[in-house]
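Accompanying notes for the structure given below.
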Amino acid sequence: MAESPRPKRKREEEEEAAGAEPHDGAAVPAFPLAELRLRRVLRESAREKAVFLHGEVPGEAVSPSGEGANAVVILEKTPFQEEKILDLLKKHTKLELQMRNDIYSTYHLYPPPELSEIKTTVVYPATEKHLQKYLRQEVHLIRETWEDYKSITLPFIQSQSFSIQWVYNILEKKAEADRIVHENPDPCDGFVLVPDLKWNQNQLDDLYLIALIHRREVKSLRDLTAEHLPLLRNVLQEGKEAIRKRFGVPASQLRIYLHYQPSYYHLHVHFTALGYDAPGSSVERAHLLADVIDNLAMDSTYYQKRALTFPLRADELLFKKFQEAGRV
């Protein structure tokens with residue numbers, strides 16, 4: 001919960017619903033970061049300027065009689081904000097030379113605290129599933145036929161207790177009600193549009209929103225037929241218009257897509273800035289919503305016929321199921 005990102009949830013990456021139950025909107029105490037005992041670095045990404053940590057919160061930091069609990073802490077350097085660039089240059093202009101060669105030189109610049117924000121995402125208490133999710137693993141491409149879906153993937157989904165209560169909390173306005181950008185309340189063809197937790201909403205370069213449909217029986221791309229075209233068209237058209245009105249970003253600068261495999265099994269659509277290299281937007285996982293609509297308009301059972309390719313990490317249970325079936 002997010003690869004979710006939550007959160008969590010992994011609304012892509014975090015988004016994602018692997019076990020711990022989120023709160024229903026009630027006030028909760030701040031996470032005791034200063035008490036965290038670092039156990040290991042799960043993964044670091046120079047490209048994303050992020051590090052994923054496994055820590056333990058001792059029981060006494062939470063409750064006198066409580067037991068310690070695992071936590072995942074994600075530290076991310078936030079993007080530069082254009083309106084603060086001048087402050088960065090004016091408030092701290094001292095440069096520490098590292099290297100000079102002809103016209104090229106590199107320096108260290110240490111910005112003041114107010115310009116040194118690090119976005120911190122906490123999954124707490126974290127289950128073993130959360131720890132494995134953020135641990136660096138080998139990745140394999142799976143080519144799933146419809147028969148594979150029926151015999152391997154669907155039984156796996158049905159056998160797992162993936163928690164998506166956080167999704168229902170948003171749909172029922174028990175949580176994040178003040179963050180809703182747009183809602184179509186129709187129980188069949190409606191949805192809620194909210195900012196993804198990976199977006200701090202301070203700049204548009206990494207704009208990221210999620211549309212969560214009201215219908216609860218539609219798990220993924222595999223469930224879609226022509227029956228769902230009114231719903232998908234609502235998400236596409238109303239989502240684009242809501243983002244244009246609220247954030248001033250035109251439809252031509254949006255990437256609107258679904259994941260397969262999704263990170264949680266409740267149909268949702270990603271809206272990201274076209275110039276943003278969002279997690280999970282690569283060709284092996286993302287399916288453009290406009291293309292999905294066209295495919296279903298041509299053939300109602302398109303996604304019950306075609307093979308779909310997606311990446312799985314070596315430690316994922318679904319990957320092991322494909323191995324056991326001799327499909328890897």
Could you tell me if the side chain of [Y] sits less than 4.5 Å from the side chain of [X], heavy atoms only?
| X | Y | value |
| --- | --- | --- |
| Leu207 | Ile243 | yes |
| Leu209 | Val181 | yes |
| Asn169 | Glu176 | no |
| Leu312 | Val328 | no |
| His266 | Leu171 | yes |
| Ile210 | His270 | yes |
| Arg233 | Leu236 | no |
| Thr145 | Arg327 | yes |

Which residue pairs pass the ring-ring contact (aromatic ring centres under 6.0 Å, His included) test with at least one member in residues 281-315, sequence neighbours excluded?
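The answer is Tyr260-Phe310.
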Verify side chain to side chain contact (heavy atoms under 4.5 Å, CB included) between Val122 and Leu33, making sure each step is shown before the conclusion.
CA-CA 9 Å; Val122 175; Leu33 185 63; 5.8 Å; no
For the [atom1] atom of [X] and the [atom2] atom of [Y], what is their distance to the nearest 0.5 Å?
| X | Y | atom1 | atom2 | answer |
| --- | --- | --- | --- | --- |
| Gln165 | Lys174 | CD | NZ | 6.0 Å |
| Gln158 | Thr153 | CD | OG1 | 11.0 Å |
| Thr106 | Asn101 | OG1 | CG | 10.0 Å |
| Lys321 | Asp148 | NZ | CG | 14.5 Å |
| Asn295 | Ser300 | CG | OG | 12.0 Å |

Under a single-linkage definition using a 4.5 Å side-chain heavy-atom cutoff for Ile, Leu, Val, Met, Phe, Trp and Tyr, are [X] and [Y] assigned to the same hydrophobic cluster?
| X | Y | value |
| --- | --- | --- |
| Leu274 | Val283 | no |
| Leu317 | Tyr265 | yes |
| Ile118 | Tyr124 | yes |
| Tyr107 | Tyr104 | no |
| Leu318 | Val139 | no |

Closest approach of [X] and [Y], non-hydrogen atoms and distance?
| X | Y | result |
| --- | --- | --- |
| Leu221 | Leu267 | N-CD1, 4.1 Å |
| Arg255 | Ser281 | CD-CB, 3.9 Å |
| Ala314 | Lys320 | O-NZ, 3.5 Å |
| Val57 | Pro32 | CG1-CG, 3.7 Å |
| Arg215 | Pro187 | CG-O, 3.3 Å |
| Leu224 | Leu258 | CD1-CD2, 4.2 Å |

Would you find more than 12 non-hydrogen atoms of other residues, nucleotides or ligands less than 6.0 Å from Gln98 atom CD?
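Atom CD in Gln98 is crowded, with more than 12 foreign heavy atoms closer than 6.0 Å.
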Has Gln304 got more than 12 heavy atoms of other residues, nucleotides or ligands less than 6.0 Å from its CD?
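Counting neighbours around CD of Gln304, more than 12 heavy atoms of other residues, nucleotides or ligands fall under 6.0 Å, so yes.
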As a quick check of understanding, evaluate side chain to side chain contact (heavy atoms under 4.5 Å, CB included) for Phe31 and Thr120, giving each step before the final call.
CA-CA 11 Å; Phe31 179 73; Thr120 304; over 6 Å; no
Sequence neighbours excluded - salt bridge (charged side-chain N to carboxylate O under 4.0 Å, His left out) pairs with any residue from residues 199-212
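Residue pairs with at least one partner in residues 199-212: there are none.
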In terms of the angle between their ring planes, are His259 and Tyr257 parallel, tilted or perpendicular, with boundaries placed at 30° and 60°?
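Taking Tyr257 first and then His259, their aromatic rings sit tilted (interplane angle of 30° to 60°).
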Return the orientation label for the His140 and Phe319 ring planes: parallel under 30°, perpendicular over 60°, tilted otherwise.
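Rings of His140 and Phe319: parallel, under 30°.
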Under the 3.5 angstrom rule, does the side chain of [X] hit a backbone N or O of [Y] as a donor-acceptor pair?
| X | Y | value |
| --- | --- | --- |
| Arg179 | Pro195 | yes |
| Ser116 | Pro111 | yes |
| Thr78 | Glu117 | yes |

Qualifying residue for side-chain contact (heavy atoms from CB on, under 4.5 Å) with Arg222, from Lys150, Glu144, Gln261:
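Among Lys150, Glu144, Gln261, the one that satisfies the side-chain contact (heavy atoms from CB on, under 4.5 Å) with Arg222 is Glu144.
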In this structure, which one of Arg37, Arg40, Arg39 forms a salt bridge (Lys or Arg N to Asp or Glu O under 4.0 Å) with Glu56?
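Of all the options given, the one that passes is Arg39.
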Run the side chain to side chain contact (heavy atoms under 4.5 Å, CB included) test on Phe156 and Ile152 for me, step by step, so that the C-alpha distance in whole Å, both residues' side-chain angles and the decisive distance to 0.1 Å come before the verdict.
CA-CA 6 Å; Phe156 168 77; Ile152 303 173; 5.7 Å; no
Is NZ or CZ of Lys198 both nearer than 6.0 Å to the six-membered ring centre of Tyr208 and within 45° of the ring axis?
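The answer is yes; both the distance and angle limits are met.
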Partners of Asp186 by side-chain contact (heavy atoms from CB on, under 4.5 Å), sequence neighbours excluded?
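Result, side-chain contact (heavy atoms from CB on, under 4.5 Å) vs Asp186: Asn184, Cys188, Asp189.
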Step through it carefully: locate the ring centre of His268, locate the ring centre of Phe191, and say whether they are under 6.0 Å apart.
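No; Phe191 has its ring centre 6.0 Å or more from that of His268.
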Criterion side chain to side chain contact (heavy atoms under 4.5 Å, CB included) on Lys173 and Ile180, from CA distance to verdict:
CA-CA 9 Å; Lys173 298 186 176 63; Ile180 293 176; 4.1 Å; yes
